[in-house]
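Okay, so here's the structure we're looking at.
Chain letters run A, B, ... following the sequence lines, proteins first and then strands; every chain starts at 1.
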Amino acid sequence: MKVAITSTGNTLESDVDQRFGRCTYFVIYDTESKSVEYIPNPNKQISEGAGPASVQILAERGVNKIVSGDFGLKVKPLLDSLKVQMIVIKHTQKTVSEIIESLDH
Amino acid sequence: MQVAVISGKGGTGKSSITAALASLSQNIVLVDCDVDASNLYLLFNSTHEEEYAFVGGEKAVIDYNRCTHCGLCMVYCRFDAIVTENGKIKIKEVFCDGCHLCSRICPEKAIAMIEEKNSKYFAGSFRHGKMVYGRLAPGEENTGLLVNKVREKAKQIAKFQRIETILLDGPPGIGCPVMSTITGVDKLLLVTEPSLSGIHDMERMLAVAKHFNIETKIIINKYDLHTELSEQIEQKAKAWDATVIAKIPYEPLFVKAMIQQQSIVEFAPDSPSARIIASIYDTVLLH
Amino acid sequence: MNKNVKIAVAGGKGGTGKTLVATNLFYVIKEEGKEVELIDCDAEEPNAGLFFNGNLIYHSDVMLKVPEINTSLCVYCGKCKEYCNYNAILMIGFSKYIKVIEELCHGCGACSIACDYSAITKKNRKIGEVNQYQVQDKALLTEARMQVGVYSPVNTVKTALKQNPHPYVQIIDAPPGTSCPFIHSVVHADYVVLVTEPTPFGLSDLKQSIETLKGMKKFYGVVINRVDEPNQEMMQYLQKENIKVLAQIPFDRDIATVYAQGGLIAQHLSAYKKVFTGLLDLIIQEICK
Ligand code: SF4
Ligand code: SF4
């Protein structure tokens, strides 16, 4: 299974980015191969529709689960209809590696 | 910690209260998210240290060396932005929405899209810390992206200067710029006033805050102008699980202070309103 | 006064008192028995209606033409998505998934022109409404109200401005700021009344509004609201720019009280009636110049 984590940087020690559509990086973790891929978010600067455009990127890569701080009103129904699970990590500062660890257990 | 002050409609005294809260701090990052009419930098006469251009959108421009004035673009434009004047095709810049359709369909490839770079954002210092604010160029669509930019800059400064609190002064309304202001903040301060539209706007904001799951505290400003409506506000707030943490009376000192380019806390620290704001500061910004 | 003269009342940032001026101006014209229409273009927060009782005589939904994709014709080529500059189309080719995110759609029509397979048709999406009320025999109140979550109030504002069955005098309550919705509200006005307050905030907003109006080649004058002590800097600026001060409204708790209760000061506080009749006379003089 592929899990996307929104991240503030391109290292495992980076914090989870609270924003979904305008996060700095998407970290895509494959729970089977244990591989980690960093994708800079090209939608960070666009004026409208960063959320759906980010859904596009992740869904195209076959992501089934997304970990982020918040999912906007437009994004939630889209991810629901694509059957992508949303996990909200809020009010706590967690690093990408901490999330990956918890996914492995 | 990031705290945003918002109000729904304008004129509730939100900016004066934000300014007063900021001036209770020794070191804060104050962010003016009302990019359509930013004014806190004026009140505090902040220094101008960094300036950035902001690309707001795109506008279509015609290359008249190629244009044959066939009028196809005019037929397709859904924003009434293309007109003919004495047989010549013209783009009315303020109406152009930047959709690119005309530039795509023009058989002569005579239309190009040009980035709009008239909006700016700034960072500097003021007597209680750092100030970040944006200025949207007239006629541009306020999509919230400039607010995001301003907030990003503020975060960067806070991290670099090791400042803990970021205080955001929100724009009026309930549109995109407001959403951009409150996404990801830790607390919301909602300033309202006892009028029918005030209550209405408060409820709309509370619904949004609930969706984002943000802790929200309410301040009723000028509560004594209509005490029954103020009571109604308190009841409505309760129904939304939000607490009214302060009621500020109608206070001409706010305006007097502003004229002196001070916040009420600086201008009249012993006034009842200044004291109320100090208690808001203690409960919301210190915890 | 010319019958269909259009006067816009604008206030830079929110809360300077533009609705106060617009509603009271409307009131004094209506009391003189003249034909008048008040158009509330602050579509995000229309509230002029709170000051008047009237019968709803006209209602229309403002629609935006958004695309609808016929999935039995769609071949998932992605051309529509590429043409959409607002990220309103989401397509995942391998799972044969395509969706229009209506909230993001600006209704530009690019996608349907892009599609080579005639898979895209149009449908209407409600983005706002226009309500018109008969307040008095010859007085109408028209209100633009946009739906929550719509990308821009501009279409709703434009529709409200067009809904004038009679060539009445129009008072336009413009939205705050100087961005698109403001421009659209004042673009056809013959005269713009800028409401400001004598503070540094007020002055800075006023300057920005004036720069914008100059660019649009509009005629305008200023009403200073909540005057306690005059703001020297503002006065100097206005003098230097040769801008007329049409009226000054004092800083008075009674005004705030009447306003909070949904009352009109020209009606309830007799002293202020003169202020607005005087303002009206000056505006007419200015327009006729
Ligand atoms: S009409 Fe324009 S904005 Fe709407 S989906 Fe089509 S291309 Fe995008
Ligand atoms: S352009 Fe037409 S066929 Fe191609 S993906 Fe869009 S709707 Fe489908």
Check your understanding: Taking the six-membered ring for Trp, are C:F51 and C:Y259 ring centroids under 6.0 Å apart?
Key -> yes
Review point. Which of residues 40-47 of chain C have a heavy atom under 4.5 Å from any heavy atom of chain B?
Key: C:E44, C:E45, C:N47
Point to revise | Partner residues of C:K158 under the side chain to side chain donor-acceptor pair (under 3.5 Å) criterion, sequence neighbours left out | key: none
Check your understanding: Who among B:K222, B:E228, B:K14, B:R135 has the most heavy-atom pairs with chain C under 4.5 Å?
Key -> B:R135
Point to revise | Pair C:D252, C:Y272: side-chain N/O donor-acceptor within cut-off below 3.5 Å | key: yes
Revision key, fill the gap. Greatest number of non-hydrogen atom pairs under 4.5 angstrom with chain C, of B:V35, B:I105, B:D224, B:L40, falls to B:D224
Check your understanding: Looking at B:F54 versus B:Y121, is the centre-to-centre ring distance below 6.0 Å?
Key -> no
Please tabulate, for side-chain N and O atoms in residues 172-183 of chain C, each donor-acceptor pair with protein atoms closer than 3.5 Å (sequence neighbours left out).
from   : atom 1 : to     : atom 2 : distance (Å)
C:D173 : OD1    : C:K18  : NZ     : 3.0
C:D173 : OD2    : C:T19  : OG1    : 3.1
C:T178 : OG1    : C:Q208 : NE2    : 3.2
C:S179 : OG     : B:D36  : OD2    : 3.2

**Study point:** Greatest number of heavy atom pairs closer than 4.5 Å to chain C - which of B:I259, B:D80, B:L225
**Key:** B:L225
Check your understanding: If you count heavy-atom pairs under 4.5 Å between each of B:S195, B:P171, B:P194, B:C99 and chain C, which one has the most?
Key -> B:C99
Exercise for review: Check whether the ring centres of C:H106 and B:F79 lie less than 6.0 Å apart, and answer yes or no.
Suggested key: no
Practice item. For side chain to side chain donor-acceptor pair (under 3.5 Å), just list the numbers for B:E251 and B:S273, CA-CA rounded to whole Å, side-chain angles, deciding distance to a tenth of an Å, and then say yes or no. Key: CA-CA 7 Å; B:E251 176 62 273; B:S273 299; 3.0 Å; yes
Point to revise | Test item: C:I127 and C:M63 side chains (from C-beta on) under 4.5 Å apart, heavy atoms | key: no
**Study point:** B:K59 and B:E93 ion-paired at < 4.0 Å
**Key:** no
Review point. Between C:N155, C:I113, C:T257, C:T16, which residue shows the highest count of heavy-atom pairs closer than 4.5 Å to chain B?
Key: C:I113
Exercise for review: Kindly write out the residues that satisfy side chain to side chain donor-acceptor pair (under 3.5 Å) with B:R78, not counting sequence neighbours, or none if the list is empty.
Suggested key: none
**Study point:** Side-chain donor-acceptor contact under 3.5 Å, B:D169 with B:T18
**Key:** yes
Check your understanding: Which one, C:G262, C:A114, C:A110, leads in non-hydrogen pairs under 4.5 Å with chain B?
Key -> C:A110
Revision key, fill the gap. In terms of heavy-atom pairs under 4.5 Å with chain C, the winner among B:T12, B:L42, B:D97, B:L43 is B:D97
Practice item. Select one option (side chain, backbone, both, neither) describing which atoms of C:N231 are under 4.5 Å from chain B's heavy atoms. Key: neither
**Study point:** Heavy-atom proximity to chain B below 4.5 Å, by part of C:V187
**Key:** side chain
Point to revise | Residue selection (most heavy-atom pairs with chain C, distance under 4.5 Å) from B:L136, B:V94, B:L196, B:D201 | key: B:D201
